[in-house]
There are 2 protein chains.
Amino acid sequence: MKDAPSSKWWGWGDPDKRFDLSLRPYFFSNLKSILKIENAPHLFPPPLEKISVPETKLDHEEILALEKILSPEGIWLSSKERITHAYGKSFRDLMRIRYGIFENIPDAILIPRSEADILRILEWAQQNKIAVIPRGGGTSVVGGVEAVSDPTQRKRVVLDMRALNRVLSISETDMIAEVETGIFGGDLETQLNQKGFSLCHFPESFQYSTLGGWIAARSAGQQSTLYGKIEDMVESLRLITPAGVVDSLPVPAAANGPDWDQLIIGSEGIFGIISRARMKLKILPQEKYYTAYLFNSFEAGMAAVQEIIRQGILPSTVRLSDSTETDFIFSLREISSAFSALLDRNMQKWFAWKGFVPHKRSLLILGLEGTLPKVKYEKAAIKKIFKHYTVFHLGSKVGNGWYRHRFENPYLRDELLGYELIVDTLETATEWGNVEHLHAAVKSAIEAAFRELEIKGVVMAHLSHLYTTGSSLYFIFLAKPHRGRALEEWTVIKRAASDTIVENGGTISHHHGVGIDHRPWIRKELGTLQLQLLRQMKKQFDPAGILNPGKLLPTENET
Amino acid sequence: MKDAPSSKWWGWGDPDKRFDLSLRPYFFSNLKSILKIENAPHLFPPPLEKISVPETKLDHEEILALEKILSPEGIWLSSKERITHAYGKSFRDLMRIRYGIFENIPDAILIPRSEADILRILEWAQQNKIAVIPRGGGTSVVGGVEAVSDPTQRKRVVLDMRALNRVLSISETDMIAEVETGIFGGDLETQLNQKGFSLCHFPESFQYSTLGGWIAARSAGQQSTLYGKIEDMVESLRLITPAGVVDSLPVPAAANGPDWDQLIIGSEGIFGIISRARMKLKILPQEKYYTAYLFNSFEAGMAAVQEIIRQGILPSTVRLSDSTETDFIFSLREISSAFSALLDRNMQKWFAWKGFVPHKRSLLILGLEGTLPKVKYEKAAIKKIFKHYTVFHLGSKVGNGWYRHRFENPYLRDELLGYELIVDTLETATEWGNVEHLHAAVKSAIEAAFRELEIKGVVMAHLSHLYTTGSSLYFIFLAKPHRGRALEEWTVIKRAASDTIVENGGTISHHHGVGIDHRPWIRKELGTLQLQLLRQMKKQFDPAGILNPGKLLPTENET
């Protein structure tokens, strides 16, 4: 059992770590030329102690009741804790912090130490009509942990799961770990690795997010093509609701009616608190092989990776960048990186001759994991497939470089926010026949929004998380808004992208979840009957409507 | 589009096919010695035309209304059709037929030709409070298609899906077929194979069951270890309910809240009619390798196959028989079969010396499917694992023999029913650490029931459908009841087995479903909150309670 990892309250991850732009001159000059950004950052988060925080709305009696449940150490009322538990890690969250906008500051942070504590908190909150916002690592990028409340519940508490972080058991026979969901990714993985196992779930937020957050939001790791999304890794779970406790049946598969786990996974805290889960484990892979290829077009790369999947080969990672993203990644290289040798003048000439040119070329990061013989067979099979394409093998140095830095993109975002840039990502999934169309449509919609707003911007994308039937599409966009207007202008872009996704055969989210930001599109996503059912289920589990208000369920006027 | 395959109304499958016991003298003498069965069968199904069938309870007006919806050809009222649509293919069903017990004969069979027809039938049935029993191939072995109705709905119609059997589209890019669910397995597979694809779903009922039945009951095929159960093969689906139509989002994965498909899969017709589904396809495997091994004990075989799965290898088929089943299968050999050469006198001596003796030995059928290089790698890896075990490679002749006859066991049941034997199968799943215990507990419970009933019986089992975390356990039991008491005595055995399963960490069904026969154990399986939710969902989709009454949902007195 470890403490929660410390992280920047105003940005991403390790407080001692930043993404040093000065080491990346090509990238910086690229940004300057495209977005006309200034030479130095100007927008910084305010000092924590200078932020004015309203008094908690909990009265003396309520605090005493909570102290009785949790002991005084289990209730945090300081301004510092209340501010740092107000937001998640979305662009909107981090930009509001830099603009000094602090909304929805919770009245208290509660730290349950047992499932009995959770039950008592829910009972108390139900009686007192107080909103409860469950929180793991707080890394939601869609507003999933913001302490909003509806007008009838003016008081709100955050239920911080950090103390419920034990690995209760690891069964080597069943290949199952029973785990309390407040555990952070790094801590869980370390404990599993010691027994020769892995969960094999590595989202970008891995070190700063929790098992409970992953399950509540239907998270996907960077190796999901092989290992599946989090919903594929749950054997059974426990949900604590105001109406009682649900324990799902601990069996590998059943034909006993609907699959209840799949109702609870993705419920984003609106039904109850997922307090423990029995997770399916994998043997630690003997071999991890990461490499990189360059295709002469995104379309060619897409056809090639699709062929891999069709043949029944599941690489751990397939990350295929469109031409814009490929150019950006190339410009991100540090001086004297693995790319340098490849990209010298002569090589570039050869590249151009083969068609690997800027605005056309497409970078593939490919990972294979498993036993040595399995990886060997897969390497040979992929080599055979790639013979039919114009492709350059960049090699393992580039692949391993990506692997080593695979959790670090959010640090770059923090740097760019200092220049008051709009920096955000969004993701969807669609079937193969629609991938190219959706890619083009979303890119166009975002570019149209830039034009409408009269701002400079750039949008890029990659395929990742592949399936036999389709793929996720992950978009990154950067733009230089008008001074002081980053939030409004972000909203216009986000709306344009989301409308385009749901109108063109994509899902509003492949793995970030719904939260607040995607809520307006849920009605279109689900249809009338499913939405009714979702509301009914909410009512059954949480009749007083105290749990994570404002998330997942659309409001009446969101059509 | 093909007609539904013709099949015996009183037994299994092809009317021209039977399992010829005279070709299997070892098996017959084995049965005689264990069960003391008679020399000749004595219990035969009555002639169809001699069965007395009550008049349909539908009045003239109701029939006219239905004719208006479906045209006269779409309503079958003949005694023959009404009898042959009354039951499924469970032991209880087939034994009732032989005993001349005809209960729950439906008042009409309706043949919708479009989804619009289904909507109109449901509207009509809701207005007139008439029970609607959806039916595909009618091969349920748990009473899932029996036309029971509750006391308030004396009239009941069977909604036979046979005419909704088109493959609407096959997308080679998306690897998806959109299919009407009344299609039979053989027809669907033929159409897919013509395009180079397969669904890779082969339950024992394959030729006589439909896609809709598979989805409604959470079916598993004999190759599910590699390809998954039917719930893993659905990309999206349509459910037609009295309250409206649900279309799930056609995307490979999403983080947009609960997974609605997983609510509908396994709903056994109580929410609505699953009218079409978009199914994920596989490329037709280049290589199918089936072979067989003999282990010197069931426990050793279990450890060996578990090791295969732990290493990340997924054989298409793993079917490991306990010693009783192994001896039975060996006794089932025809004169001059593939076994004969192996089992001559000298070989048997060598076998005994190695410990492959009756009451101990354990037969493994192992299948590998995929591209040639993949099967080659898997063969080598498995060979390496098996080096640590005392195991004899029986070879591909035995494996291919199993594969060739893999759909034929139900024909044997028909022969044995003629001797008035109790012949049934039941299946569960549990985690690895509990497999041995559950196997022993269920076996003991069934044997105790034999003793209590003072009848001769035998029970055997195999592992199949393997997962990293556990396995299904499939039991077969044969017993010679007291004359005329097969149904009552079967009930005692079934209850003992089911109680033991749910009290010892198994699920009441891995892939047969709940139907009528497993309904009494659902309350224990689900717990209070899930059961409440199931009832609420039923109420929302089917407010008048007309759909498939008596299935899945426990009655008030079933605790």
Side-chain angles (χ1 to χ4, degrees), chain A residues 171 173-176 217-218 229 235 243-244 246-247 249-260 262-263 266-267 280 283 310-312 370-371 373-374 377 380-381 429-433 467-470 507-514 522 525 527 529-530 532-534 536-537 540 552, chain B residues 171 173-176 217-218 229 235 243-244 246-247 249-260 262-263 266-267 280 283 310-312 370-371 373-374 377 380-381 429-433 467-470 507-514 522 525 527 529-530 532-534 536-537 540 552:
Chain A
S171 164
T173 306
D174 300 337
M175 292 182 63
I176 286 177
R218 285 193 174 262
K229 289 181 71 196
E235 175 90 346
V246 176
D247 272 304
L249 204 69
V251 296
N256 59 3
D259 183 341
W260 301 99
Q262 297 302 328
L263 260 191
S267 61
K280 303 175 193 173
I283 302 276
R310 289 168 79 90
Q311 291 204 7
T371 60
K374 174 174 168 273
Y377 136 69
T430 194
E431 291 171 355
W432 281 115
Y467 305 85
T468 52
T469 60
T507 171
I508 192 63
S509 176
H510 171 265
H511 60 272
H512 285 170
V514 178
I522 279 298
E525 190 101 353
L529 271 178
Q530 279 153 305
Q532 262 178 36
L533 200 58
L534 192 58
Q536 263 196 5
M537 286 163 55
Q540 186 195 335
L552 190 50
Chain B
S171 163
T173 306
D174 300 337
M175 289 180 67
I176 286 177
R218 286 192 173 264
K229 287 181 72 196
E235 175 92 344
V246 176
D247 272 304
L249 204 68
V251 296
N256 59 3
D259 183 340
W260 301 100
Q262 296 302 328
L263 262 190
S267 60
K280 305 175 192 173
I283 302 275
R310 290 169 77 92
Q311 290 204 7
T371 60
K374 173 174 168 274
Y377 136 70
T430 194
E431 292 170 355
W432 281 115
Y467 305 86
T468 53
T469 61
T507 171
I508 192 64
S509 177
H510 171 265
H511 60 272
H512 285 170
V514 178
I522 279 297
E525 190 100 353
L529 270 177
Q530 279 153 306
Q532 262 178 36
L533 200 59
L534 192 58
Q536 262 196 6
M537 286 163 57
Q540 187 195 334
L552 190 51

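For clarity, every value in this text was computed on a predicted model and none was experimentally measured. Order of the sequence lines sets the chain letters (A, B, ...), proteins ahead of strands, with each chain counted from 1.
Only the side chain of Leu249(B) comes within contact range of chain A, with at least one heavy atom under 4.5 Å from a heavy atom of that chain. Both the backbone and the side chain of Leu533(A) come within less than 4.5 Å of a heavy atom in chain B. Heavy-atom distances place no part of Ala381(B) under 4.5 Å from chain A, backbone and side chain included. Within the 4.5 angstrom heavy-atom criterion, atoms from both the backbone and the side chain of Leu263(B) approach chain A. Using a 4.5 Å cut-off between heavy atoms, Ile176(B) touches chain A through its side chain atoms alone.
Most heavy-atom pairs under 4.5 Å with chain A, from the set Gly527(B), Ala254(B), Gly266(B), Gly470(B): that is Ala254(B). The greatest number of non-hydrogen atom pairs below 4.5 Å with chain A, out of Thr468(B), Asp259(B), Ile508(B), Ile522(B), is found for Asp259(B). Between chain A and the residues Ser267(B), Gly370(B), Gly257(B), Gly513(B), the largest count of heavy-atom pairs under 4.5 Å involves Gly257(B). In terms of heavy-atom pairs under 4.5 angstrom with chain B, the leader among His512(A), Gln530(A), Met175(A) is Gln530(A). Among Val251(B), Thr173(B), Thr469(B), the residue making the largest number of heavy-atom pairs under 4.5 Å with chain A is Thr469(B). Comparing Arg310(B), His511(B), Lys374(B) by heavy-atom pairs within less than 4.5 Å of chain A, the highest count is held by Arg310(B).
When the salt bridge (charged side-chain N to carboxylate O under 4.0 Å, His left out) test is applied to Glu235(B), no partner is found at least two apart in sequence or on another chain. Applying the side-chain hydrogen bond (donor to acceptor under 3.5 Å, both in side chains) criterion to Gln540(A), with sequence neighbours excluded, gives Gln532(B).
Residue Ala255(B) comes nearest to Val514(A) through the heavy atom pair O-CG2, 3.7 Å, listed as atom of the first residue, atom of the second, then distance. Heavy atoms only, all atoms of each residue included: Tyr377(B) and Tyr377(A) are closest at CD2-CD2, 3.6 Å. Taking both residues in full, the closest heavy atoms of Ala253(B) and Thr507(A) are given as O-CG2, 3.7 Å, listed atom of the first, atom of the second, then distance.
Between His510(A) and Lys229(A), the closest side-chain pair of non-hydrogen atoms falls below 4.5 Å. You'll find the side chain of Glu431(A) reaches within 4.5 Å of the side chain of Pro252(B), heavy atoms only.
Side chain of Asn256(A) to backbone of Ser509(B): no donor-acceptor contact under 3.5 angstrom is found.
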